[in-house]
Amino acid sequence: MMEPVLSLNGITKTFRDGEKSCPALAGISFEVAAREIVCIMGPSGCGKSTLLRIIGGLDSADAGTIDQASGNKDGKPSAAMVFQDHALFPWLTVYENIVYGLRLSVQNLPEEEIAKRAESLLDLTHLTAFALSYPHQLSGGMKQRASVARALAIKPSILLMDEPFSALDTFTRRELEDEVVRIRQDLKTTFLMVTHNPEEAIYLADRIVILSGRPAIVSDILQIDLPYPRDPADPAFIRIREQVTRMIRGKA
Ligand code: ADP
Ligand code: MG
């Protein structure tokens with residue numbers, strides 16, 4: 001495997017609420033290599049979102065370590081997050097949403113450089129014509145594309161996505177999945193994505209990490225060797241989908 005961009009070692013987390021304790025993660029370890037697309041699957045409530053939030057720095061683990069390669073020039077590790085609900089600021093235009101985090105995370109970046117980066121991301125996500133639109137003027141798919149563009153603006157070492165396309169219709173969803181593959185190709189981005197949809201995972205992922213609950217442990221890691229673009233009607237694809245579905249059901 002190439003140099004890992006992310007390495008999880010024994011990530012453990014228990015939620016406590018007074019007397020009650022709810023163990024969520026019990027020693028999660030795996031690595032994600034540069035330019036890999038890794039999907040995380042597992043039964044509902046098994047701790048997938050919790051794990052992603054911990055990696056993204058939005059929550060903390062009780063035990064375990066996270067080693068992360070740096071994504072930017074100042075050497076600071078960076079992960080960017082895309083949520084199921086677009087989480088764009090409704091009072092900012094698409095352009096301003098995209099550059100918002102960039103302004104915060106990179107101090108004194110010249111306005112010219114900010115504009116250049118925003119324009120290339122608008123182009124990449126086919127949103128150039130909507131740069132000055134507000135989120136409520138966009139379709140669901142466009143909102144998620146804008147969220148992806150915003151996350152990519154800080155040039156993260158890894159893009160963390162928590163069921164990012166699950167609120168979209170089937171056709172829009174497939175379009176966005178194709179964009180993930182294209183963005184990986186163009187920008188050499190690394191993706192770690194939670195999905196509950198086996199077809200989506202097999203369509204996209206180099207590897208699928210299957211968690212079993214609860215508390216979650218890594219129960220399987222499946223390498224998907226099918227060439228891109230993948231065809232869900234391909235018998236090999238269908239066989240893998242059945243295998244993944246069995247693996248997840250067995251762990252529920
Ligand atoms: P998934 O994303 O796999 O559906 P989550 O990571 O959201 O699962 O949740 C895993 C478990 O942790 C669930 O049992 C959930 O109820 C619990 N949990 C998640 N967040 C919190 C929290 N902030 N406080 C208490 N329990 C939580
Ligand atoms: Mg979740």
Side-chain angles (χ1 to χ4, degrees), residues 6-32 36-66 68 79-88 140-141 143-144 147-148 150-151 156 158-170 172-173 176-177 180 190-205 207-222 224 241 243-252:
L6 175 74
S7 169
L8 306 179
N9 311 290
I11 299 299
T12 298
K13 173 81 177 175
T14 298
F15 289 106
R16 277 171 234 286
D17 178 19
E19 291 288 282
K20 262 194 10 220
S21 78
C22 169
L25 304 170
I28 304 291
S29 304
F30 63 88
E31 292 184 339
V32 180
E36 235 190 335
I37 300 174
V38 173
C39 283
I40 300 176
M41 298 198 71
S44 181
C46 80
K48 304 179 293 295
S49 295
T50 301
L51 181 62
L52 226 59
R53 290 172 53 79
I54 290 172
I55 298 168
L58 302 174
D59 204 338
S60 58
D62 300 331
T65 58
I66 300 175
Q68 222 184 301
M81 196 90 144
V82 175
F83 302 93
Q84 178 178 350
D85 174 19
H86 62 86
L88 297 167
K143 282 180 206 163
Q144 278 314 64
S147 310
V148 169
R150 181 177 63 173
I158 188 165
L159 204 58
L160 308 172
M161 307 206 290
D162 193 356
E163 306 202 20
F165 310 141
S166 58
L168 304 176
D169 66 82
T170 318
T172 309
R173 184 173 191 148
L176 280 265
E177 290 163 0
V180 166
T190 306
F191 288 91
L192 180 60
M193 169 170 165
V194 171
T195 175
H196 61 250
N197 184 327
E199 180 166 308
E200 179 166 81
I202 299 159
Y203 192 72
L204 288 178
R207 288 185 303 140
I208 302 176
V209 174
I210 297 178
L211 303 182
S212 73
R214 320 164 170 175
I217 56 162
V218 175
S219 61
D220 292 283
I221 296 182
L222 205 66
I224 313 293
R241 197 182 67 206
Q243 185 189 2
V244 167
T245 306
R246 265 198 314 275
M247 280 174 163
I248 294 167
R249 286 238 180 85
K251 308 293 158 37

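For ligands, and for the atoms within them, numbers begin at 1 and follow the listed sequence.
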| said: Using the side-chain contact (heavy atoms from CB on, under 4.5 Å) definition, which of the options D62, I28, I55 pairs with I11? | reply: I28
Any idea which protein heavy atom is nearest [atom], and the distance to it?
{"atom": "atom 27 (C) of ligand 1", "result": "F15 CD1, 3.3 Å"}
{"atom": "atom 7 (O) of ligand 1", "result": "S49 CB, 3.8 Å"}
{"atom": "atom 11 (C) of ligand 1", "result": "G45 O, 3.6 Å"}
{"atom": "atom 16 (O) of ligand 1", "result": "C22 SG, 4.9 Å"}

| field | Donor-acceptor side-chain pairing of N9 and T65 below 3.5 angstrom | value | yes
| Between T195 and E163, is any side-chain donor less than 3.5 angstrom from a side-chain acceptor? | no
| query | When you measure from the side chain of T172 to the backbone N and O of G141, does any donor-acceptor pair fall under 3.5 Å? | reply | no
| query | Can any side-chain N or O of S29 pair as donor or acceptor with the backbone N or O of G10 at less than 3.5 Å? | reply | yes
| said: Looking at the Mg ion (ligand 2), is there an N, O or S atom belonging to S49 that lies under 2.8 Å away from it? | reply: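 Checking the Mg ion (ligand 2) against S49, an N, O or S atom does fall under 2.8 Å.
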| task | Could you tell me whether atom 22 (C) of ligand 1 has a protein heavy atom closer than 4.0 Å? | result | yes
| task | Check whether any N or O atom of G47, backbone or side chain, sits under 3.5 Å from an N or O atom of ligand 1, and answer yes or no. | result | yes
| field | Contact check: K48 vs ligand 1, nitrogen or oxygen atoms, below 3.5 angstrom | value |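 There is such a contact, yes.
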| Can you find a non-hydrogen atom of G42 under 4.0 Å from ligand 1? | no
| query | Can you list the steps and then say if S49 with D162 is a side-chain hydrogen bond (donor to acceptor under 3.5 Å, both in side chains)? | reply | CA-CA 7 Å; S49 295; D162 193 356; 2.6 Å; yes
| task | Kindly identify the option in I40, L51, T50 whose heavy atom sits closest to atom 6 (O) of ligand 1. | result |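 Selected option, by shortest heavy-atom distance: T50.
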| query | Is there any salt bridge (charged side-chain N to carboxylate O under 4.0 Å, His left out) pair reaching into residues 6-23, and which pairs are they, with sequence neighbours excluded? | reply | K13-D59
